[in-house]
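Comments concern the structure below.
Naming: A, B, ... by sequence-line order, numbering from 1 per chain.
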Amino acid sequence: MREVISIELPEKILTKTGIETLWFYTILEKGIAVKSGFTDGCLEEIIESEKAIQARKILTDYFSGKRTSFEEIDFKLDLSKFTTAILIEVARIPYGTVATYGEIAARIQSRAYRAVGQALKRNPLPVIIPCHRVVGKSGIGGYSSDLRIKTALLDLEGVLL
DNA sequence: TTGAATCACATAT
DNA sequence: ATATGTGATTCAA
């Protein structure tokens, strides 16, 4: 069963982004998150399982600053070994903290810091896998959705660069 | 600031 | 199958 969750971001975050309306969506298959992202319009929702209802609450709470972890949301990755390893590592970065591209590479015993950025670009689960917590050694780095969103998420988590 | 290093991937041949 | 180009980088002149 495929379910779709769609959440309109609260005013608080939108103000920081300067974007007028922004929705975050997540797609679950059998209660497991397989895809997420941002859109400028609401997606038609299909929510039936307990897991999806729970995920919806967790994400809504996160965006309003009431929740700091996504432990309960299971996810599945279907990517290369390297990319998967990087994303798993990124999923471990605690709320409100950041790591650099170089540090993430090192945690995988690799020096492919530039390839880390490539792996993050392929992240199918933004927010749930918090690639916004990976920044450059000097400077914020990039964000494939929209850099303003990365800034807003870090701001929400109270991170100062 | 510039240039070299570094490596997974996508794309082209 | 092999070659080339491209980064959401980093470090040292």
Counting heavy atoms from C-beta on, name the nucleotide in C/dT9, B/dC7, B/dC9 closest to the side chain of A/Tyr113. C/dT9

Closest listed nucleotide, where the reference is the side chain of A/Gln118 and the choices are C/dT6, B/dT6, B/dA10: C/dT6

Does A/Phe82 reach a base, just sugar-phosphate, or nothing at all? Heavy atoms under 4.0 Å. sugar-phosphate

Using a cut-off of strictly less than 4.0 Å, decide whether A/Ser110 has a side-chain nitrogen or oxygen near OP1 or OP2 of B/dC7. no

side-chain N/O A/Lys137 vs C/dC11 OP1/OP2, d < 4.0 Å: yes

For [X] and [N], give me the distance from atom [atom1] to atom [atom2], rounded to whole Å.
{"X": "A/Leu120", "N": "C/dA8", "atom1": "CG", "atom2": "P", "answer": "11 Å"}
{"X": "A/Asn123", "N": "C/dG7", "atom1": "CG", "atom2": "P", "answer": "19 Å"}
{"X": "A/Leu154", "N": "C/dA8", "atom1": "CG", "atom2": "C1'", "answer": "13 Å"}
{"X": "A/Arg122", "N": "C/dT6", "atom1": "CZ", "atom2": "C1'", "answer": "11 Å"}
{"X": "A/Arg114", "N": "B/dA4", "atom1": "CZ", "atom2": "C1'", "answer": "11 Å"}
{"X": "A/Ile104", "N": "C/dT10", "atom1": "CD1", "atom2": "C1'", "answer": "15 Å"}
{"X": "A/Ile108", "N": "B/dA8", "atom1": "CD1", "atom2": "P", "answer": "12 Å"}
{"X": "A/Tyr101", "N": "C/dC11", "atom1": "OH", "atom2": "C1'", "answer": "17 Å"}

Salt-bridge test for A/Lys51 and A/Glu72: reply yes if a basic N is under 4.0 Å from a carboxylate O, no otherwise. no

Answer yes or no: is there an ion pair linking A/Lys35 with A/Glu29, defined by an N-O contact shorter than 4.0 Å? no

Could you check whether the side chain of A/Tyr143 and the base of C/dA8 have a donor-acceptor pair of N or O atoms closer than 3.5 Å, going by distance alone? no

Encoded 5' to 3' (Watson-Crick or G-U under 3.5 Å; [ ] crossing; | other strand), DNA chain B becomes |||||.|||||||

Find the distance between CZ (A/Phe38) and CZ (A/Arg148) and round it off to the nearest 0.5 Å. 12.0 Å

With rounding to the nearest 0.5 angstrom, report the OG1 to CD1 distance, A/Thr26 to A/Ile58. 10.5 Å

Indicate the ring-plane relationship of A/Tyr62 and A/His132, choosing parallel, tilted or perpendicular according to the 30° and 60° boundaries. tilted

Scan side-chain atoms only and decide if A/Glu8 and A/Thr21 contain a donor-acceptor pair under the 3.5 Å cut-off. no

Measure from the side-chain N and O atoms of A/Glu157 to the backbone N and O of A/Leu154, and report whether any donor-acceptor pair falls under 3.5 Å. no

